[in-house]
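Before any comments, here is the structure.
Side chains are part of it too, since the values below use all heavy atoms of this structure and drop only hydrogens, waters and symmetry mates. Proteins come first, then strands; the chains are lettered A, B, ... in the order of their sequence lines, and each starts at number 1.
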There are 2 protein chains.
Amino acid sequence: MSSKPTMRDVARKSGLSIATVSRVINFPDQVPAETAKVVTAAMAYLNYRPNINGRRLKMTHTRTVGVVVPTLANPVFATAVQGIEQDANAKGLTVLLTSSNYDPEREMGAVSALLNNRVDGLILTLANADNNPVVDLLLAEKIPFVLLFNQPSRADIAAISVDNAQSAYDITTAMIAKGHRSLAMVAGHFESSDRSRQRYDGFCRALDDAGIPQKNLVQVRFDEADLVGPLGALLCGPEKVTGVVCSTDMLAIAAMNACRAHGLSVPDDVSVGGIDGISVGGLITPKLCSAVQPTQEMGRQALAFLRGLIKGQANPQSLLLPHHLSAGESIGSYRGTDQHCSST
Amino acid sequence: MSSKPTMRDVARKSGLSIATVSRVINFPDQVPAETAKVVTAAMAYLNYRPNINGRRLKMTHTRTVGVVVPTLANPVFATAVQGIEQDANAKGLTVLLTSSNYDPEREMGAVSALLNNRVDGLILTLANADNNPVVDLLLAEKIPFVLLFNQPSRADIAAISVDNAQSAYDITTAMIAKGHRSLAMVAGHFESSDRSRQRYDGFCRALDDAGIPQKNLVQVRFDEADLVGPLGALLCGPEKVTGVVCSTDMLAIAAMNACRAHGLSVPDDVSVGGIDGISVGGLITPKLCSAVQPTQEMGRQALAFLRGLIKGQANPQSLLLPHHLSAGESIGSYRGTDQHCSST
DNA sequence: ATGAAGGTTTGAAACGTTTACATTGGCGGA
DNA sequence: TCCGCCAATGTAAACGTTTCAAACCTTCAT
């Protein structure tokens with residue numbers, strides 16, 4: 001009696017067989033109301049709880065999905081996971097969460113662990129979606145999976161993202177349109193994020209289209225909050241950068257902070273733009289101008305897509321969702337470089 | 001061959017018994033190196049993956065912990081979960097994540113689902129920790145659990161939190177020390193969060209200690225980003241509130257935004273303080289002054305504590321962690337109420 | 001030669017489900 | 001009366017592990 005009651009106990013208590021109890025639980029309509037009542041009463045009396053692990057062992061699917069993101073410390077991923085999680089729970093799916101900290105080794109470890117859990121499918125944001133052993137593994141094992149935020153070059157693997165290069169192109173172009181000619185990009189390390197590189201490509205293309213040869217780039221850790229040092233040379237050096245495009249909104253917020261630390265006003269002295277569209281961006285001053293992606297919706301869509309793959313109803317394909325520039329205040333018109341860098 | 005290889009297959013392949021294979025996996029040192037090598041080779045050859053669900057069914061513990069938080073959209077919870085998740089994965093524990101959206105019914109549903117998964121223990125942030133059916137259920141079922149952020153009145157249930165009332169007291173007092181006498185609190189709905197009420201209590205106590213009778217309170221939804229309306233009456237009405245204490249940093253950021261929408265400068269016209277200490281608070285301008293809690297560390301501690309409970313090495317008890325006021329710029333000296341509310 | 005000791009290995013019974021298949025019993029039609 | 005059918009229920013074999021008790025060697029002292 002000390003251990004948890006099992007279906008067998010319920011069967012005994014209700015004077016019926018274990019098969020009938022199972023049917024009451026799984027196919028209530030295949031069983032007479034009277035019988036169902038008896039069984040339900042027994043279950044309530046015994047405080048019975050189905051052991052999902054027993055079920056999982058027997059059934060071919062586990063009604064479980066694995067999620068791997070770089071970190072929850074960046075609201076972009078937290079928001080996406082929030083979307084995934086909400087819908088998953090509404091559908092009775094269990095979410096197994098892991099974060100990789102942008103580390104490919106940990107990505108593999110996490111996926112491996114999730115496969116051992118026999119997840120029905122996976123939603124992942126990988127450091128680099130191309131030539132990725134994790135992707136190869138998943139394809140080999142024929143496990144349904146959807147990449148989220150990644151924008152792989154292969155078209156035959158499922159992925160939900162915005163057009164990263166175009167996002168960066170758009171925000172950069174907006175800055176150029178305001179007269180800025182000396183621009184820099186602050187990006188997370190490329191090896192930690194293919195998005196980062198793709199966004200840098202878009203940045204470069206925008207400069208090329210505007211005939212600006214000089215392309216400044218500073219790569220930083222994604223969780224770097226202190227950009228005072230990294231940005232110092234660009235803002236205060238000979239370049240006198242007046243426009244800073246950041247590969248993420250988190251970096252953009254840190255960049256604005258760094259500008260002020262150098263005695264520069266945003267957007268009067270320096271314009272700053274981000275990419276992602278995290279919600280705090282819209283609340284701060286100056287309002288962050290950003291290439292916004294529908295983050296939470298993307299999480300939802302990734303799950304919906306994954307469910308389709310699991311049911312075999314859909315084929316893997318990449319989906320590009322539309323982004324838009326937010327009407328921010330962090331990008332202003334070029335006003336010269338007179339008052340640059342009061343403090344170093 | 002189409003299905004996944006099992007331990008039986010590995011046993012057959014290596015010419016050994018299933019029991020030996022199991023021992024190689026779980027107790028490699030109880031097995032001669034030679035045998036281990038043979039088995040490992042077979043596993044590699046067959047691409048064997050242990051099915052954790054089989055193990056879970058047999059074993060009394062599942063090496064799985066459930067996590068329930070209100071939402072990941074608030075960085076406080078995301079950060080805490082990040083802490084939990086990192087350590088859990090390092091220890092080989094699987095994390096089952098659910099969010100309740102501050103809804104007690106969904107809390108119960110989530111916990112119920114997690115119990116069906118036979119989690120070894122739970123970490124939860126509940127809307128209200130006192131007289132909570134979820135807590136009763138968990139106690140009745142003798143499932144180890146740790147409350148996180150909740151500060152229950154019972155001392156015999158495990159909880160990791162800061163002193164919520166004192167946090168609010170401190171930030172309020174800091175504001176009063178700057179000369180503010182007309183204060184208001186913006187708090188999330190009390191029925192969604194006992195922290196919210198506890199913090200309001202601290203706010204009131206601070207006012208009492210300062211001999212200020214007028215206690216303004218506006219309750220809002222936690223995900224409310226637009227406080228322009230809710231704060232309008234207080235900022236522009238007869239009260240001419242010059243100090244706004246918010247029950248969370250997210251609300252504080254929204255409040256600063258609302259102040260500016262009313263044409264008021266922070267901190268020149270209105271001071272704003274928050275509670276939580278989310279990291280963006282330190283990056284924005286003005287730097288948010290907040291009662292900071294060690295969020296990620298709290299997640300880690302909750303997990304460590306939970307593991308102790310699971311092993312039976314610890315007894316449930318409430319732990320109060322220290323908080324501190326951040327040196328922010330969002331609280332300034334009282335300068336009168338001349339220039340109040342340029343735009344409504 | 002015999003047996004005890006001890007290191008390896010194995011057989012088989014769980015764990016809590018699901019489900020294909022067998023059984024039961026009641027009822028209508030021939 | 002008998003047959004067949006159908007709905008309701010039951011039987012038992014999986015699913016992939018872990019683990020206890022038993023069996024099987026070697027080796028070695030007697």
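With D:dA13, C:dA12, D:dT9 as the choices, the nucleotide that has an atom nearest any side-chain atom of B:I18 turns out to be C:dA12. Comparing D:dT11, C:dT18, D:dT17 by their nearest atom to the side chain of A:A19 picks out D:dT11. Side-chain atoms of B:P32 lie closest to C:dT8 of the nucleotides C:dT8, D:dC15, C:dT19.
Taking each heavy atom of A:L46 and A:P5 in turn, the nearest pair found is O-CG, 3.3 Å. Across A:R118 and A:T62, no two heavy atoms sit closer than the pair O-OG1, 2.7 Å.
Rounded to whole Å, the distance from CG on B:L16 to P on C:dG7 is 19 Å. Taking atom CD on A:Q30 and atom P on C:dA20, their separation rounds to 11 Å, with Å as the unit. Distance, B:R12 CZ to D:dT17 P: 13 Å, rounded to whole Å. The interatomic distance linking A:K58 (NZ) with C:dT18 (P) rounds to 10 Å, in whole Å. When the P atom of D:dC20 is taken as reference, atom CE of B:M59 falls 11 Å away, rounded to whole Å. Atom CZ in B:R56 sits roughly 15 Å away from atom P in C:dT17 (whole-Å rounding). We find that NE2 of A:H61 is positioned 14 Å from C1' of D:dC15, with the value rounded to whole Å. Between the CG atom of B:L57 and the C1' atom of C:dA13 there is a distance of 13 Å, rounded to whole Å.
Judged by distance alone, the side chains of B:T71 and A:Q82 do bring a donor and an acceptor atom under 3.5 Å apart. Judged purely by distance below 3.5 Å, without hydrogens or angles, the side chains of B:S153 and B:D130 pair a donor atom with an acceptor atom.
Side-chain atoms of A:R23 and base atoms of D:dG10 include a donor and an acceptor less than 3.5 Å apart.
No engagement by A:I52 is indicated, since no non-hydrogen atom pair under 4.0 Å with the nucleic acid exists. Nucleic acid contact for B:T20: base, since at least one base atom lies under 4.0 Å from a heavy atom of the residue. Counting any heavy atom pair closer than 4.0 Å across all strands shown, B:R118 reaches no nucleic acid atom. Within the 4.0 angstrom heavy-atom criterion, base atoms lie near B:M7.
The side chain of B:N51 contributes no N or O atom lying less than 4.0 Å from OP1 or OP2 of D:dC15. Between A:S22 and C:dT19, a side-chain N or O to OP1/OP2 separation shorter than 4.0 Å is absent. Phosphate contact (OP1/OP2 of D:dG10, side-chain N/O of A:S17, threshold under 4.0 Å): present. OP1 or OP2 of D:dT17 lies within a sub-4.0 Å distance of a side-chain N or O belonging to B:T6. Look at A:T35 and you'll find a side-chain N or O under 4.0 angstrom from OP1 or OP2 of D:dT9. Side-chain N/O atoms of A:N53 include none lying less than 4.0 angstrom from OP1 or OP2 on C:dT17.
For the pair A:K91 and A:Q86, the minimum side-chain heavy-atom distance is 4.5 Å or more.
Of the inter-residue distances, the one linking B:M7 atom CE with B:M43 atom CE reads 9.5 Å to the nearest 0.5 angstrom.
For B:G54 and B:G15, each mapped to the nucleotide of DNA chain C holding its nearest heavy atom, the one lying further toward the 5' end belongs to B:G15.
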